[in-house]
Every structure is written in C-alpha cells, then in structure tokens.
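Working notes, beginning with the structure itself.
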Amino acid sequence: MKAGHCRFCNTPLSLSFVDLGSTPLANSYVPLDRADAPEPSYPLRASVCGECRLVQADAFVPAEDIFSHYAYFSSFSDSWVAHARRFAHMAMDRFGIGAQSLVVEVASNDGYLLRHFVEAGVPVLGIEPAANVAEAARAVGVRTEAVFFGAATGDDVKAREGGADLVVANNVLAHVPDINDFVEGFARVLKPEGVISIEFPHLLRLIEDVQFDTVYHEHFYYLSLLAVEKVMAAHGLRVFDVEEWPTHGGSLRVFACLKGASHVEQPGVAKVRADEAAAGLDRDEIYADFQRRVTPIREGLLAFLRQAKAEGKRVAAYGAAAKGNTLLNFSGVGTDLIDYVVDRNPHKQGHLLPGSHLPVHAPEKLAETKPDYVLILPWNIKDEVVASHAHVRDWGGRFVIAVPRLTVLP
C-alpha cells in the first residue's frame, strides 16, 4: 500500500479523525539509567478512509520494533482474566470445543486465556510475537510460538495441526499494519466449520465517550463493525454474531466463519449495524467533529492538577497504561503536577513513563506517601482499582478519572 492510502482498500486518505501532536511510543518505558537520553517521538494522528470507513493511524514504526519485546502482561488485570475465563467456558459449551479440538489464540500474551482451555484438557496453541511474553505463557503450561501471525503462519499451522476449531484474537486486530495478510491468516487456518472470535474496542464507544487516549502508535486501527465486515468479506469470511461488552470502555466480540460454513446469523449483527448507521459511521460528519471534542478533556485535567498543586495537594497516578501515556503526553503533564504512578506489573516498575517521565512504583507506594488524589489512568478498570485500593480512602484520599470528563469519584 502507498503512504497516505488506506491499508485495506488503498483509497487515498483525505479525512482527518484526530491529531494528538508528537509523542513517544506509549509502551516504550524508560530505564532509570536512560532518564537523560533523548526519546524518539512520532506524530500521533489518525485518518478515516472515505471508501471502507476504516479509521487508521499513520505508521512510523515497524510492528517488530513495538511488539518483539513487550511490557504488557494481561494477567495483571484480574477483571480481564475473569473475562477470559468466562469466554473459555462459554466457547466450549457453545461450539462443542473439547479434547479433540484445537484452539489457536493470536496475540496470546502470557497465557491469560488459553490456560483455561488447558485446564479443561483442550489442546491449544498460542501465537505471541513478543518473546519475553511468550516465555511467560510457556511457564504456566500454555504451548506458545513466538511468531507474528499472517497468511503464511495460518498455512503453517493448518499443515502441522490440521486446522483450528476456534481462533481467538482479542485486542490485536488494531495492532497489525498489514490487515489483509493478518485476516487472510484466519481464513487459511480455520477448519471448514471453525469459528473466529475477535474482540476490539468499538469505534462507536470511542467517539461517543471521547476516548481519545486509546489512540497511540501501537494501535494502527480504530474499528467499527462496518469496516470489519468489509475486511472479513474480502478474505472469504462472514460475521455471524456480535456481542457488546463493557471491556476497554466498550468493545465488540465478533464471531466469524468461512462464507460456506453453516453458522446462522444472530440478531446481534443487525443490532450493531443499525446502531452504527444511526450514529452516522458511514458519513463524514461524525469523524470530522471528533478533534473539537478532545481539547476540553485536556483543559479539564490541567485545571484540576494546577488547582491541586496551588492548594498544596499531592497527586499520584494509578496504572502505567498506554492510554495514560497518551493522555499525559497530549496534556503536557509531568512530575511537576503528578508525583509518580503505581502499577502491579513488575516489568514496568523501576522505569519512567515515556514522555512524562513519571517514575513507576509498586502499588504499596500509595500507602507510604498517602497522596490526596489518585488519578486512575486506565479508566476502563476504575471499579477494580477502587475496590482493590479502598485503603486510599482511610487517609482521606480520593480517586479521579479524566476521561470522558474530569471526575472526582464519590
């Protein structure tokens, strides 16, 4: 595909969706011994294809540079692991997945999902390009290969394993620069009646709730059912069911199969199609208006932090999350306004956030310093964070979120 053209259909891109300036990679955490070294930064902006309506970010960094060694481990979110466990049991019941089946997960991370199939005696294969994360999956008994997925990988797995009864791809479709090669891999690895289950944050929710902080360089796409159905159809696949989930601020779980498979289309497909049409995802206006709605969030966060500082209040942050890095860097927030961030992931602790250079500590730091406010950067798990850190309120601390508007939680 040519630069400035849609990565799916090659149509020239002329409609801007959002421009967040120039920022470092959202998951490029800085070692302490490199605190003074220059950080590369890249324009962070997304456009809309006027033909297929695929929203896509400009690409400046190869996927290999981002995902070959990765700091995100899914198992550090209890709510996400529980979501995966429920999915595994549902899939086994609904699609008859058992000891004679093969479940393949693309971007299987640290085995957070496949381990539930392993516990049930179902053969699995994880495809995880980050070697360090793949090793963590193997350590918990999940068979995992550290490769990137695409058409060639699909052919290889089909030849060696006989094909997949279920392919799972959660929050990865947005991460692949060559979406055609990636989706073609699904078509090639499936058995004739096999099922694909894909989850991704829903573009409609992103727009409605101004979730601009989910835009970062690792996300090449921001997906609607409208665009995903077009991509699937181009590779011989058919969507037969759609479920709406609250995860990641509002997600779709899309079930697809080969066009000739017997799976019957369910009412969820028509429902989401109608919702997207009613919102205008097939027209320019909703995309062209998004940038205007982003600026007030930045201004609201800065006003809150400056007032807190003026009153002598201390602010810490929770969650060294990629979306938090987008928010902080777009807003120009650093250690002058927020003291530090805490995160459960030991792979992030002892580092600095990219751009803002907030130091990352273990969650115990909160009790040691007793900040007045804790800004929850991964707002999508705010309920989990508040429940697991209820002791913050023991010293009068308050929790805060910035998206979709600055809110001090009750």
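Side-chain contact between Asp339 and Val315 is absent, with no heavy atoms from C-beta onward closer than 4.5 Å. A heavy-atom distance below 4.5 Å is not found between the side chains of Tyr373 and Phe399. Here the side chains of Arg115 and Arg85 are not in contact, with every heavy-atom distance at 4.5 Å or above. When side chains are defined from C-beta on, Val124 does not count as touching Leu102, because their heavy atoms never get closer than 4.5 Å. Taking the side chain as every heavy atom from C-beta outward, Val106 and Phe182 approach each other to under 4.5 Å. His175 has its side chain out of reach of Pro129: every pair of non-hydrogen atoms, C-beta onward, lies at least 4.5 Å apart. Taking the side chain as every heavy atom from C-beta outward, Met90 and Asp93 never approach each other to under 4.5 Å. Between Asp213 and Trp379 the shortest side-chain heavy-atom distance falls below 4.5 Å.
With Glu39 contributing its side chain and Pro24 its backbone, the two residues share no donor-acceptor pair below 3.5 Å. Without hydrogens or angle criteria, Ser28 side chain to Leu25 main chain gives a donor-acceptor distance under 3.5 Å. Looking only at distances, a side-chain donor or acceptor of Gln266 sits under 3.5 Å from a matching main-chain atom of Val264. Panel note: side chain Tyr287, backbone Leu281; a donor-acceptor pair is recorded below 3.5 Å. Using modelled atom types, no side-chain atom of Arg405 and backbone atom of Pro296 make a donor-acceptor pair closer than 3.5 Å. Between the Lys323 side chain and the Pro378 main chain, no donor and acceptor come within less than 3.5 Å of each other. A donor-acceptor distance shorter than 3.5 angstrom exists from the side chain of Asp343 to the backbone of Ala320, with no hydrogens or angles considered. Formation of a donor-acceptor pair under 3.5 Å by the Thr144 side chain with backbone atoms of Glu135 is not found in this model. A donor-acceptor pair is defined here as one N or O able to donate and one able to accept, closer than 3.5 Å; such a pair exists between the side chain of Thr326 and the backbone of Val215. Side-chain atoms of Ser224 come within 3.5 Å of backbone N or O of Ala227 as a donor-acceptor pair.
In this pair, His219 and Tyr222 present their aromatic rings perpendicular. The plane angle is above 60°, beyond the 30 to 60° band. Note on ring orientation: taking the six-membered ring where Trp is involved, the planes of Phe240 and His263 are parallel (angle under 30°, cut-offs 30° and 60°).
Considering CD of Glu193 and OG of Ser262, their distance stands at 3.5 Å, rounded to 0.5 Å. The CD1 atom of Ile338 sits 6.5 Å away from the CG atom of Leu301 when rounded to the nearest 0.5 Å. Note that CD1 of Ile179 is 5.5 Å distant from CG of Leu54, once rounded to the nearest 0.5 Å. Here the CG-CG distance, from Leu353 to Leu328, works out to 6.5 Å after rounding to the nearest 0.5 Å. Atom NE2 of His89 sits about 7.0 Å away from atom NE2 of His116, to the nearest 0.5 Å. Between the CD atom in Glu105 and the CD atom in Glu128 there is a gap of 8.5 Å [rounded to 0.5 Å].
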Please determine whether side chain to side chain contact (heavy atoms under 4.5 Å, CB included) holds for the pair Glu229 and Val272, giving the CA-CA distance in whole Å, both sets of side-chain angles, and the decisive distance to 0.1 Å.
CA-CA 12 Å; Glu229 283 203 274; Val272 176; over 6 Å; no
Going through the checks in order, is the side chain to side chain contact (heavy atoms under 4.5 Å, CB included) test met by Val242 and Leu225?
CA-CA 9 Å; Val242 181; Leu225 179 63; 4.0 Å; yes
Verify salt bridge (charged side-chain N to carboxylate O under 4.0 Å, His left out) between Glu243 and Arg86, making sure each step is shown before the conclusion.
CA-CA 14 Å; Glu243 297 174 353; Arg86 291 190 295 269; over 6 Å; no
Are Tyr216 and Asn325 close enough, and set up right, to give a side chain to side chain contact (heavy atoms under 4.5 Å, CB included), and what steps lead you there?
CA-CA 9 Å; Tyr216 43 93; Asn325 291 329; over 6 Å; no
Under the salt bridge (charged side-chain N to carboxylate O under 4.0 Å, His left out) rule, what do Glu244 and Lys271 come out as? Steps first, then yes or no, please.
CA-CA 10 Å; Glu244 297 173 85; Lys271 193 269 184 187; 2.9 Å; yes
Residue pair Asp165, Leu190: steps toward the side chain to side chain contact (heavy atoms under 4.5 Å, CB included) verdict:
CA-CA 7 Å; Asp165 298 274; Leu190 273 185; over 6 Å; no
Which is it for Arg53 and Asp284 under the salt bridge (charged side-chain N to carboxylate O under 4.0 Å, His left out) test, yes or no, and what are the steps along the way?
CA-CA 9 Å; Arg53 296 297 171 180; Asp284 288 352; 2.8 Å; yes
In sequence, state the C-alpha distance, the side-chain angles, and the governing distance for Arg292 and Asp289, and then conclude on salt bridge (charged side-chain N to carboxylate O under 4.0 Å, His left out).
CA-CA 6 Å; Arg292 176 189 61 80; Asp289 186 54; 2.8 Å; yes
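The side chain to side chain contact (heavy atoms under 4.5 Å, CB included) test with Leu44 is passed by exactly one of Asp19, Thr23, Val18: Thr23. Partner of His235 under the side-chain hydrogen bond (donor to acceptor under 3.5 Å, both in side chains) criterion, out of Lys259, Arg188, Glu184: Glu184 alone.
Checked by atom type, the side-chain pair His248/Gln211 shows no donor-acceptor distance below 3.5 Å. There is a side-chain donor-acceptor pair under 3.5 Å between Glu276 and His202. A donor-acceptor contact closer than 3.5 angstrom is absent between the side chains of Ser16 and Ser47.
The aromatic ring centroids of His83 and Trp245 lie less than 6.0 Å from each other. Here Phe290 and Phe212 keep their ring centres 6.0 angstrom or further from each other. Taking the centre of each ring, Tyr29 and His351 stay at or above the 6.0 Å mark. Aromatic ring centroids of Phe186 and Phe149 lie under 6.0 Å apart.
The two residues Leu20 and Phe330 have their closest heavy-atom pair at O-CD1, 3.6 Å.
In Gln100, the CD atom is not crowded: 12 or fewer heavy atoms of neighbouring residues, nucleotides or ligands sit closer than 6.0 Å. Other residues, nucleotides and ligands contribute at most 12 non-hydrogen atoms within 6.0 Å of the NZ atom of Lys382. Around atom CZ of Arg34, no more than 12 heavy atoms belonging to other residues, nucleotides or ligands sit under 6.0 Å away. Within a 6.0 Å sphere centred on CG of Asp394, heavy atoms belonging to other residues, nucleotides or ligands number more than 12. Around atom CD of Glu51, no more than 12 heavy atoms belonging to other residues, nucleotides or ligands sit under 6.0 Å away.
In this structure, Glu208 does not pair ionically with Arg293, as no charged nitrogen and carboxylate oxygen lie closer than 4.0 Å.
Figure legend: cation-pi geometry between Arg7 and Phe220 absent, as NZ or CZ is not positioned both under 6.0 Å from the six-membered ring centre and within 45° of its axis. By the 6.0 Å and 45° rule, Arg94 stacks over the aromatic ring of Phe255. Taking the ring centre of Phe17 as origin, the terminal cationic atom of Arg45 falls outside the region bounded by 6.0 Å and 45° from the ring axis.
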